[in-house]
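To start, the structure itself, in structure tokens.
Remember, it's 1-based here, ligands and their atoms both numbered in the order they're listed.
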Amino acid sequence: MPILNRAAEFQQEVSEWRRHLHAHPELLYDVEYTAAFVAEKLKEFGVDEIVTGIGRTGVVGVIRGRGESSRAIGLRADMDALPLYEIPGRPWASTIPGKMHACGHDGHTAMLLGAAKYLAETRNFNGTVAVIFQPAEEGGRGALAMVEDGMMEQFGIREIYGMHNMPGMELGTFAIRKGGIMAAPDKFSITVRGRGSHAAEPHKAVDPIVIGAQIVGGLQLIAARNANPLRSVVVSVTQFHAGTTHNIIPEHASISGTVRSLDEGVRTLAEQRIAQIAEGIAGANDAVAEVEYERACPVTVNHPEETTHAARAAIDVVGAANVDTDVDASMAGEDFAFMLQSRPGAYIMIGNGDTAGLHNPGYDFNDEAIAFGVSYWVRLAEQRLTD
Ligand SMILES: [Zn+2]
Ligand SMILES: [Zn+2]
């Protein structure tokens with residue numbers, strides 16, 4: 001089955017919604033305008049139940065098919081934008097300075113609305129589809145908030161699926177893999193407390209800059225010497241702040257960065273080694289290191305069976321040649337990981353063509369991807385809810 005004809009007919013309408021959402025970006029949980037737009041559209045389509053305020057500002061629409069099956073699957077889109085100034089020029093550019101849909105969540109929301117419209121119109125399945133619109137994907141744990149609000153139980157969801165656009169991947173292509181597909185994007189910060197002095201008298205100081213530099217060097221050993229080379233990990237120091245002028249050795253230095261990992265074992269190893277290395281090097285130099293490690297969302301782990309289902313739906317839409325079923329994982333993070341911890345499911349990438357990258361001020365969701373995305377959602381729902 002190629003693109004659904006009806007979904008292709010929706011393309012214009014869905015892209016109008018997408019551009020409207022693009023012009024009105026909102027951050028984290030403050031997605032009231034977007035959530036109201038979503039709820040309004042779901043009402044217009046005649047979905048059976050619309051529940052708002054799940055996970056603070058999330059929305060779920062329930063579409064019941066023909067037949068008596070109690071099986072329910074969840075399809076999830078994200079609604080939030082990013083704190084970024086958009087490069088102006090497009091007629092649908094952000095109307096809110098400093099906020100921008102630079103991750104394509106406008107497109108994700110619009111495509112899932114398109115699928116909801118189709119599914120509510122045709123109801124060619126036996127069971128229930130829950131269309132899920134989550135807030136706060138960009139670092140706010142919105143997926144977890146919805147899960148903790150009892151969403152899975154409330155709607156009897158047994159399987160859960162997510163989709164994200166990917167710039168650089170050709171239009172009309174999909175990519176997926178079993179197991180870890182997106183990383184756990186953790187943060188760490190280290191404060192090195194030494195002793196300040198005149199820069200001309202280093203013997204009276206405990207220099208946090210020299211000690212901090214050794215710590216930065218030491219952290220490189222986690223990936224190079226501690227982690228199993230077959231288990232990827234990234235340890236990046238992204239900030240180092242110390243001092244005020246050229247003739248003072250400062251009292252302290254602060255270092256921070258990120259750890260990206262694709263399995264829990266190497267994640268825990270990195271967390272432990274950062275503390276050991278920072279505290280050990282500081283201690284050996286008569287300083288003190290205070291280490292904070294913040295676990296963000298978990299690794300996004302695709303369940304094997306559901307990955308096969310997702311791949312099959314994508315192949316149905318674009319053909320096997322256009323679906324990579326063993327794509328390299330990405331070291332970026334994805335909040336959908338929380339939903340995959342709660343229910344079996346899979347997360348797939350959809351080609352956005354040759355556009356600027358995600359989180360870039362020149363980025364824009366590619367409306368040409370809409371028919372593929374809508375068709376994928378519909379196909380997946382109909383396949384998973386056959387008699
Ligand atoms: Zn993003
Ligand atoms: Zn995103």
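- Closest N/O/S atom of His359 to the Zn ion (ligand 1): NE2.
- The salt bridge (charged side-chain N to carboxylate O under 4.0 Å, His left out) search around Arg56 returns none, not counting sequence neighbours.
- Note on ring orientation: taking the six-membered ring where Trp is involved, the planes of His108 and His164 are perpendicular (angle over 60°, cut-offs 30° and 60°).
- Within the structure, salt bridge (Lys or Arg N to Asp or Glu O under 4.0 Å) contacts touching residues 101-114 (residues at least two apart or in different chains) are Arg18-Asp106.
- Looking at heavy atoms from C-beta onward, Phe338 lies in side-chain contact with Gln341 at the 4.5 angstrom threshold.
- Around the Zn ion (ligand 2), the protein atoms of type N, O or S found under 2.8 Å away are Cys103 SG, His105 NE2, His164 NE2, listed by chain and number.
- Residue pairs that meet the salt bridge (Lys or Arg N to Asp or Glu O under 4.0 Å) test with at least one member in residues 273-290, sequence neighbours left out, are Arg193-Glu290.
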Might you work through the ring pair (Phe, Tyr, Trp, His ring centres under 6.0 Å) test for Phe133 and His105, ending with a clear yes or no?
CA-CA 10 Å; Phe133 299 86; His105 299 185; over 10 Å; no
